[in-house]
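Presented below is the structure to which this report refers.
Here is how names work: the chains are called A, B, and so on, in the same order as the sequence lines, proteins then strands, and each is numbered from 1.
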Amino acid sequence: MAELTYREAVAAGIAQEMRRDPSVVFLGEDVGGAGGVFKTTAGLLEEFGPDRVVDTPISEQAILGAAMGAAMTGLRPIAEIMFSDFFAVCWDFVANEIAKSRYMTDGMVGCPLVIRSGNGAGLRFGAQHSQSIENWAMAVPGVKVVAPSTPKDLIGLMAASVRDPDPVLLFEHKALYASKGEVPEGEIVDELGTARVLLEGSDATVVALALMVPRALEAADRLAAEGIHVTVIDVRSLVPLDTATILRSVAETSRLFTVEENPRLCGWGAEICSIVTEEGFWDLDGPVVRITTPHLPLASAPNLEDLALPDADRITATIKAALG
Amino acid sequence: MAELTYREAVAAGIAQEMRRDPSVVFLGEDVGGAGGVFKTTAGLLEEFGPDRVVDTPISEQAILGAAMGAAMTGLRPIAEIMFSDFFAVCWDFVANEIAKSRYMTDGMVGCPLVIRSGNGAGLRFGAQHSQSIENWAMAVPGVKVVAPSTPKDLIGLMAASVRDPDPVLLFEHKALYASKGEVPEGEIVDELGTARVLLEGSDATVVALALMVPRALEAADRLAAEGIHVTVIDVRSLVPLDTATILRSVAETSRLFTVEENPRLCGWGAEICSIVTEEGFWDLDGPVVRITTPHLPLASAPNLEDLALPDADRITATIKAALG
Amino acid sequence: MPLSGAPYGEHQIVLPEPFDESLKDAPIDLEIRIEMFRKQQQIRQLEKRLYALFLEGLVRGTSHQSMGMEATSAAFGVALRPDDYSFNTYRGHGHTVARGVPPEPIIAELLGKATGLVGGKGGSMHLTSVEHGMMGSYAIIGAHLCIANGAAWSAKLRGTDQVAVAFFGDGATNIGAFHEAVNYAANYRLGTIFVCENNLYMEYTPIAEVTPVKHPAADRAPAYGLDATIVDGNDADAVYLAAQAAIEKARTGGGPSIIEAKTYRHGGHSRADPGKYRPDPEVEAWLQHDPIPMYHQRLLDLGVGEDRLAAIIQEVAAEIDRAAEAAKSAPEPPAEALWTNVWADGGSQWRN
Amino acid sequence: MPLSGAPYGEHQIVLPEPFDESLKDAPIDLEIRIEMFRKQQQIRQLEKRLYALFLEGLVRGTSHQSMGMEATSAAFGVALRPDDYSFNTYRGHGHTVARGVPPEPIIAELLGKATGLVGGKGGSMHLTSVEHGMMGSYAIIGAHLCIANGAAWSAKLRGTDQVAVAFFGDGATNIGAFHEAVNYAANYRLGTIFVCENNLYMEYTPIAEVTPVKHPAADRAPAYGLDATIVDGNDADAVYLAAQAAIEKARTGGGPSIIEAKTYRHGGHSRADPGKYRPDPEVEAWLQHDPIPMYHQRLLDLGVGEDRLAAIIQEVAAEIDRAAEAAKSAPEPPAEALWTNVWADGGSQWRN
Ligand SMILES: Cc1ncc(C[n+]2csc(CCOP(=O)(O)OP(=O)(O)O)c2C)c(N)n1
Ligand SMILES: Cc1ncc(C[n+]2csc(CCOP(=O)(O)OP(=O)(O)O)c2C)c(N)n1
Ligand SMILES: [Mg+2]
Ligand SMILES: [Mg+2]
């Protein structure tokens with residue numbers, strides 16, 4: 001066991017896969033010589049050389065196009081989109097090309113690639129560099145979507161993503177880069193489509209993702225101190241989605257809360273709430289409640305950004321009020 | 001009263017506003033001389049001239065950029081994105097620029113513009129020309145989103161959109177272009193954020209949008225023949241959303257069905273279900289059911305496309321099974 | 001004052017330059033030329049049949065034909081090695097045929113049949129045949145130029161000398177992805193060959209009305225440190241020579257090329273378009289500048305017997321007859337097909 | 001074989017060319033020059049103060065400074081008419097100051113205060129002041145080039161002769177939106193002026209490693225039928241002359257221009273970056289090629305008294321002291337501000 005930061009886990013995860021499989025290549029802006037703007041990919045150029053670690057121009061469409069064309073002809077590219085907000089400049093590649101090519105060609109052309117990106121708020125970067133857009137990706141049939149919350153999950157889900165024969169979008173949370181966690185020695189390979197139950201309690205099920213996971217856990221602690229015991233589930237993978245774990249938990253607790261960072265409308269929380277109210281309706285003892293960032297762009301002023309994102313206070317208060 | 005096609009209503013709606021306000025301009029690919037690839041804008045170049053009706057290069061980013069820059073400096077542009085699928089090549093302008101500028105500038109820079117686009121399936125155009133992406137837009141704070149289902153609503157919501165001081169995405173359904181409807185003489189101006197109750201029945205509330213509206217109505221007819229009476233609501237406007245009308249109806253019927261064309265995950269149906277299961281939970285007598293296109297890209301073969309989209313058969317059967 | 005210079009429809013007519021008769025003496029093997037003749041016939045006859053099927057009401061969805069533009073496809077089809085990659089647009093019947101894909105699955109695909117090239121899931125705009133190196137037809141302008149780079153990059157890293165060709169239209173040169181793609185290829189000296197088939201119109205709008213340079217692809221080449229070749233896209237020999245040079249350059253690590261092939265479509269943009277926005281004299285002149293009869297005559301001039309050419313025409317016709325019949329009588333895709341091949345496991349599950 | 005030619009960090013050093021001393025005799029009014037001096041001082045001193053505030057831990061979020069790049073902003077600030085439009089990037093402090101925006105709201109914005117230029121909602125990357133014609137700072141590369149076209153178009157239709165300037169970096173020339181924007185402006189002869197501040201690096205990657213032409217903006221101009229002007233971006237007089245010509249052309253319906261201003265940033269890309277990826281001799285040479293002392297000396301050479309210049313420096317310093325104090329003691333935005341100004345009605349309601 002070693003303690004790694006979430007930041008270090010990115011390079012560790014990529015390196016693990018690049019060592020294993022020579023067809024894994026990595027490309028993006030400032031990812032090589034500079035080791036990434038978040039220093040998440042330091043050391044990769046040195047270890048794997050400029051053939052396999054490519055510093056690109058500011059051309060997100062060219063980056064994803066290159067990754068796609070390489071994936072369909074025998075490589076296993078990992079592409080970086082520096083901030084997930086920038087997916088908007090190359091969304092055609094994700095939504096219309098990469099996601100659809102296997103279906104449109106009835107299985108002939110697959111795209112085994114990973115697109116990883118810094119997602120989420122907390123760094124006071126303002127409306128164009130702080131978005132959580134995992135719901136954009138979840139809304140597009142044909143891409144898998146994961147968002148790990150710990151260094152170990154990051155490495156394991158990175159490995160699973162690289163080895164997956166289909167395209168995976170892996171969202172790293174920028175505000176978690178400095179966080180630390182234990183990581184076992186040796187190869188780590190996780191499984192897509194598996195949620196993790198982090199805490200069990202019978203009063204309610206709280207489902208969270210990425211940065212919202214530690215916040216939900218903190219809220220659970222505070223609630224426990226007041227005698228309210230909740231189950232906390234880290235969704236980890238939005239596509240495939242581990243609905244079984246969530247539905248099973250709601251069957252036990254009879255209440256569901258989702259804690260999501262993306263703006264309120266049409267988020268993954270809405271999807272999970274809808275699944276549960278269709279398939280687990282008779283298990284529910286009360287309203288399903290989404291705790292989300294309001295449907296607003298994000299401000300850069302620290303106090304405003306903090307007000308926008310769900311935090312332990314708001315999560316605690318919302319759950320208490322709903323259960324009380 | 002005159003009978004117009006939905007197609008003719010597009011030009012009529014734009015012309016009404018261009019006649020009223022000289023600052024309304026219109027731009028897009030093949031929209032002028034050719035009258036649009038769907039012939040929706042025939043006659044506008046002839047009436048308003050090439051100063052106000054601009055045929056552009058294939059440059060969707062340049063189109064929306066020009067619209068945005070013009071909107072913030074005194075014009076009221078209407079931009080066409082030919083197929084809504086192409087929003088993916090210019091999504092940065094919608095999601096990161098147009099939607100956020102007023103908030104990021106604390107009110108200083110507004111973008112009074114309309115982006116209209118052909119949305120939806122039914123023409124056997126395949127995965128890259130048939131998408132319903134109204135949920136992409138709804139997920140972005142800062143844009144308004146409307147999707148009319150009749151010629152009259154199209155003109156009225158177009159007018160409301162052009163007159164709105166904020167950006168509006170107006171989705172025209174391609175499969176409705178040939179449909180006809182009565183349109184009153186004189187100026188038509190509708191209101192954003194208002195759903196319309198098309199039919200009242202006490203057994204369930206069925207919420208639909210665009211092409212799904214006539215299909216929901218047909219299902220309602222068939223259900224009525226079997227003694228099941230449903231309320232059918234045309235949402236019309238996703239942002240602002242008329243939650244009051246929906247919640248009020250569910251309070252009366254105790255059951256909710258949504259009928260949506262966008263792929264299943266994170267659609268507007270999920271949003272409405274979530275709102276109702278949070279705020280109208282105690283009104284509900286049974287599961288909330290979403291009837292959607294499955295989470296799949298769309299195939300071009302007619303039988304496969306037909307299987308994918310909700311039709312009156314599926315809507316009828318689903319509601320019957322759920323209520324029965 | 002209109003924003004663009006000329007009022008719509010009053011744009012300048014662009015006439016073809018006469019065929020370059022000296023190309024008869026170009027150093028191109030006669031059997032290669034006969035192969036190009038055959039491919040042009042295959043394309044023309046297929047397109048004609050598809051049009052007839054459209055008039056019969058059997059073609060589903062949209063389709064974009066390439067009558068009049070056969071020479072470029074045919075020349076590249078012959079010049080490429082079977083393991084090279086090509087990437088088409090929605091106007092891709094010709095490029096698909098030229099890579100050796102037989103007509104039956106193409107017709108079946110347009111008819112929405114289970115035996116279609118991609119099982120009825122793609123339609124005319126998404127023809128794909130990986131076994132023929134034809135890596136897909138892309139219907140949103142620009143993307144496949146970037147994707148072709150990836151195939152060239154992959155070939156480079158895998159140490160093969162495969163090249164990647166991307167065909168696109170004049171209209172596509174104004175979209176951002178064009179710029180990113182060519183720049184990227186030039187920067188990394190990728191073996192991507194960018195082939196612009198300039199048929200003077202985007203959908204209905206003359207390219208000259210929306211482009212501030214004369215040659216929408218070629219005039220952009222210097223922006224990436226590249227030279228460009230402009231060829232008569234209706235002369236298979238001219239295209240073949242340009243293709244050979246570009247392929248050789250790409251194969252040997254010399255980097256990308258831009259080729260602009262001047263051509264014209266005989267019909268409208270898509271199946272429903274009569275193409276009326278084009279001035280009659282322009283259409284007339286280009287109909288005269290038809291690649292097919294010219295090349296027929298050139299082969300005769302080179303001493304190939306009319307009987308041999310006639311036999312080829314016959315063979316192609318017979319094959320297309322067979323193919324059309326088979327496609328017509330094929331079943332539609334089974335309902336289960338709706339759920340297959342979103343993922344590599346063959347299914348479409350997004351949940352447990 | 002690496003994809004790009006040179007291994008990272010071993011890129012060729014690019015040294016500045018000596019200042020063109022003949023510009024001393026350029027036909028530029030002395031009062032205009034003094035105004036450019038003042039603006040350069042305002043920018044330099046503001047950037048220095050912001051850096052100090054950053055070291056104090058008071059600057060929130062990210063910020064991108066322009067120390068060393070003041071001349072271009074200053075020259076355009078003076079050359080533009082108050083009602084002209086300008087569009088910046090995230091590296092926009094200088095351009096904002098140059099349009100006449102006072103330092104206090106800028107500092108307050110970076111400190112996340114209620115008195116910030118955009119109420120604490122934008123931060124360093126989104127400075128905007130419509131009353132000064134400064135239509136915003138855009139943090140996603142490329143978009144504002146297209147948006148500037150819209151402002152120029154609107155001016156044309158409204159019959160004013162306002163021009164629109166878009167400032168951007170060398171790295172921005174490789175993104176698709178650059179191509180679409182310049183092409184669009186050229187096609188419709190819009191009065192957009194594209195000003196590339198080529199400081200040789202995108203974030204950390206030398207522009208030469210990812211661009212196949214030497215002048216990332218200027219060498220692309222012919223692709224749109226445009227000429228380009230390359231100027232010493234550290235010489236306010238050189239930029240002023242180029243700006244004047246481009247503005248005059250744009251105002252009189254002559255269409256867009258591309259100006260590439262060669263410059264260098266003294267510091268790193270963003271606040272946390274020490275800029276260590278840049279070879280020492282290169283940094284050294286460019287520190288010597290500093291616009292501020294050069295221009296000071298030029299004004300002395302032109303006969304302006306040192307006392308007058310010293311007084312300006314003093315005035316600017318005093319104003320920045322005052323501004324910084326005021327910004328520091330300002331309150332943070334009220335919590336209600338979270339909910340305001342999504343819509344024109346001042347609110348953020350998306351439902352009833
Ligand atoms: C991004 C995008 N914008 C618009 C379209 C609609 N569209 C389809 S074909 C076409 C014209 C393309 O013209 P060109 O590139 O010259 O090719 P051609 O059809 O002449 O072969 C347009 C605008 C599209 N498919 N994708
Ligand atoms: C579309 C997009 N891709 C990437 C980035 C991240 N990014 C911010 S600044 C920058 C470098 C820009 O370089 P340049 O255009 O030369 O401007 P400079 O910072 O040197 O002024 C990059 C890559 C971005 N903001 N937007
Ligand atoms: Mg064309
Ligand atoms: Mg730079």
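Of the listed residues C:G253, C:A177, C:P212, the one with more heavy-atom pairs under 4.5 angstrom with chain D than any other is C:P212. The greatest number of non-hydrogen atom pairs below 4.5 Å with chain D, out of C:I175, C:L226, C:T173, is found for C:I175. The candidate with the highest count of non-hydrogen atom pairs below 4.5 Å against chain C, out of D:K214, D:H179, D:H215, D:R220, is D:H179.
Within the 4.5 angstrom heavy-atom criterion, atoms from both the backbone and the side chain of D:N183 approach chain C. Residue contact with chain D, scored on non-hydrogen atoms closer than 4.5 Å, involves the backbone and the side chain of C:V210 alike.
Taking CZ of D:F178 as the start and CD of C:E180 as the end, the distance is 12.0 Å to the nearest 0.5 Å. Rounding to the nearest 0.5 angstrom, the gap separating the OH atom in D:Y224 from the CG atom in C:D219 is 12.0 Å. Atoms CG and CD, from D:N187 and C:E209 in turn, are 9.0 Å apart once rounded to the nearest 0.5 Å.
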